Number of protein chains: 2
Amino acid sequence: MSKQELPLINAAAVDPGACCAPLLCEPLGAAEAGELAPLFKAIGDPVRLRLLSLIACHEGGEACVCDLTSAFDLSAPTISHHLKVLKQAGLIDSERRGTRVYYWINPGVLARLSAILGSRQGAGMVSA
Amino acid sequence: MSKQELPLINAAAVDPGACCAPLLCEPLGAAEAGELAPLFKAIGDPVRLRLLSLIACHEGGEACVCDLTSAFDLSAPTISHHLKVLKQAGLIDSERRGTRVYYWINPGVLARLSAILGSRQGAGMVSA
DNA sequence: CCTCTAATTTGACATCTATCTAGGCAAGGA
DNA sequence: TCCTTGCCTAGATAGATGTCAAATTAGAGG
């Protein structure tokens with residue numbers, strides 16, 4: 001049915017020079033998959049996806065926990081838990097400043113994930 | 001610390017015309033997050049990530065279950081289960097041909113995810 | 001009609017996860 | 001020193017998830 005749409009992607013995948021979407025290029029090894037999957041898993045939760053977005057879009061590229069908590073109907077410990085998951089996955093980083101803790105996005109990781117899913121673009125151009 | 005790297009991303013985010021990385025552009029709404037998260041969750045498992053890659057890279061852009069099962073140290077029902085998850089997420093599609101069932105990738109969905117994570121490129125160009 | 005192969009469904013089980021309440025720790029101000 | 005604010009940790013619990021063995025369906029041939 002939708003097989004007719006595949007050539008477009010595969011054309012990019014076969015491209016020898018700029019080939020950079022492993023997922024569509026060559027079969028992902030078990031090791032690589034074991035490395036990548038936890039990253040996708042981390043953003044595979046609505047709360048964490050929104051947290052990531054809120055942090056990225058917040059003024060100055062960083063947000064304190066109090067800003068984030070107020071955006072959800074969840075308890076503070078729950079938000080804290082999700083932030084921990086994102087941080088352990090390497091998607092965000094944090095720093096305590098006075099009484100507050102600020103979080104910001106680790107932009108390279110997101111770009112890498114995008115490149116892996118995309119057919120080609122976004123690999124080299126975004127990271128730098 | 002890594003705040004110095006953000007402006008690049010944000011520059012793209014502020015771009016009024018081509019702005020298409022919601023996650024980095026504007027805070028993701030709960031509804032959108034609830035729609036996107038299951039997709040990331042589906043690829044947030046090493047086995048499913050490899051399955052997706054195996055299918056995409058297989059000759060002809062499609063693979064039968066027997067090809068896939070042999071690549072893992074898992075029982076057939078388990079593979080079947082993961083394929084079902086991927087299919088229900090809309091990432092793959094399938095068709096029975098004789099005694100075998102063939103799976104292929106739904107390329108638009110992957111491109112969309114890539115665009116959402118990427119800072120800009122890959123949004124409009126891949127979908128067509 | 002029986003059998004063989006390919007794939008899925010069912011049911012069970014152990015593990016993981018999201019969430020909460022209660023309590024603790026750190027920084028700053030009275 | 002004591003209180004207040006901001007955030008995290010610990011422990012508990014209900015529900016989701018990954019896996020397998022056993023049973024079931026679907027197609028192709030004897």
Side-chain angles (χ1 to χ4, degrees), chain A residues 28 30 33-55 58 60 62-104, chain B residues 28 30 33-55 58 60 62-104:
Chain A
L28 216 53
E35 221 183 303
L36 287 171
L39 291 173
F40 288 118
K41 190 176 190 178
I43 57 175
D45 178 282
V47 175
R48 289 197 288 266
L49 206 51
R50 284 184 65 201
L51 278 173
L52 211 59
S53 182
L54 281 170
I55 294 171
H58 203 267
E62 60 179 23
C64 81
V65 179
C66 54
D67 292 328
L68 301 170
T69 302
S70 61
F72 297 87
D73 249 357
L74 295 170
S75 69
T78 297
I79 299 299
S80 200
H81 159 70
H82 285 301
L83 288 171
K84 189 179 184 180
V85 171
L86 287 172
K87 186 171 181 179
Q88 284 179 335
L91 285 158
I92 59 177
D93 236 327
S94 70
E95 183 188 17
R96 175 171 213 122
R97 240 172 272 150
T99 181
R100 301 188 172 178
V101 177
Y102 290 85
Y103 284 85
W104 60 87
Chain B
L28 216 53
E35 221 182 305
L36 286 171
L39 291 174
F40 287 118
K41 190 175 192 178
I43 57 176
D45 178 281
V47 175
R48 289 197 289 267
L49 206 50
R50 285 184 65 201
L51 277 173
L52 211 58
S53 182
L54 280 170
I55 294 172
H58 203 267
E62 60 178 24
C64 83
V65 178
C66 54
D67 292 329
L68 302 170
T69 303
S70 60
F72 297 86
D73 248 356
L74 294 169
S75 69
T78 297
I79 298 299
S80 199
H81 160 69
H82 286 300
L83 287 170
K84 191 179 183 180
V85 171
L86 287 172
K87 185 171 181 179
Q88 283 179 336
L91 286 159
I92 59 176
D93 236 327
S94 70
E95 183 188 18
R96 176 169 216 122
R97 240 173 272 149
T99 180
R100 302 187 171 180
V101 175
Y102 290 83
Y103 283 84
W104 61 87

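Quick note: numbers below take in every heavy atom, side chains included, and nothing from hydrogens, waters or symmetry partners. Just so it is clear: chains get the letters A, B, ... in the order the sequence lines come, proteins before strands, and each one is counted from 1. Quick caveat: nothing in here was measured; it's all calculated off a predicted structure.
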Side-chain ([X]) to main-chain ([Y]) donor-acceptor, under 3.5 angstrom:
| X | Y | answer |
| --- | --- | --- |
| Arg50(A) | Leu52(A) | no |
| Thr69(B) | Val65(B) | yes |
| Arg97(B) | Thr99(B) | no |

Integer-rounded Å distance: [N] [atom2] and [X] [atom1]:
| X | N | atom1 | atom2 | result |
| --- | --- | --- | --- | --- |
| Arg97(A) | dC7(D) | CZ | P | 12 Å |
| Ile92(B) | dA7(C) | CD1 | P | 13 Å |
| His81(B) | dA21(D) | NE2 | P | 16 Å |
| Glu95(A) | dA27(C) | CD | C1' | 15 Å |
| Leu86(B) | dG18(D) | CG | C1' | 14 Å |
| Ile79(A) | dC20(C) | CD1 | C1' | 13 Å |
| Arg100(B) | dA28(D) | CZ | P | 12 Å |
| Leu74(A) | dT17(C) | CG | C1' | 14 Å |

Worksheet entry | Proximity to the side chain of Val65(B) - top-ranked nucleotide from dA7(C), dG18(D), dG6(D) | dA7(C)
Worksheet item: Of all the nucleotides listed (dA26(D), dG18(D), dA26(C)), which has the minimum atom distance to the side chain of Arg96(A)?
Response: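 Within the option list, the nearest is dA26(C).
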Please work out if [X] contacts a base, only the sugar-phosphate, or nothing of the nucleic acid, heavy-atom cut-off 4.0 Å.
| X | answer |
| --- | --- |
| His82(A) | sugar-phosphate |
| Tyr103(A) | sugar-phosphate |
| Lys41(A) | sugar-phosphate |

Phosphate OP1/OP2 of [N] contacted by [X] side-chain N/O (<4.0 Å):
| X | N | result |
| --- | --- | --- |
| Thr78(A) | dC20(C) | yes |
| Arg48(B) | dG18(D) | yes |
| Tyr102(A) | dG6(D) | no |
| Thr99(A) | dA27(C) | no |
| Ser80(B) | dT8(C) | yes |

Discussion item. Using the rule given for side chain to side chain contact (heavy atoms under 4.5 Å, CB included), can you reason through Arg48(B) versus Ile43(B), listing the C-alpha separation, both sets of side-chain angles and the distance that settles it, and then say yes or no?
Written reply: CA-CA 6 Å; Arg48(B) 289 197 289 267; Ile43(B) 57 176; 5.9 Å; no
Discussion item. I want to confirm an ordering. Mapping Asp45(A) and Pro77(B) to their closest nucleotides on DNA chain C, which one lands closer to the 5' end?
Written reply: Pro77(B)
Worksheet item: Looking at side-chain heavy atoms only, is the closest gap between His58(A) and Trp104(A) below 4.5 Å?
Response: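 His58(A) vs Trp104(A): side chains apart.
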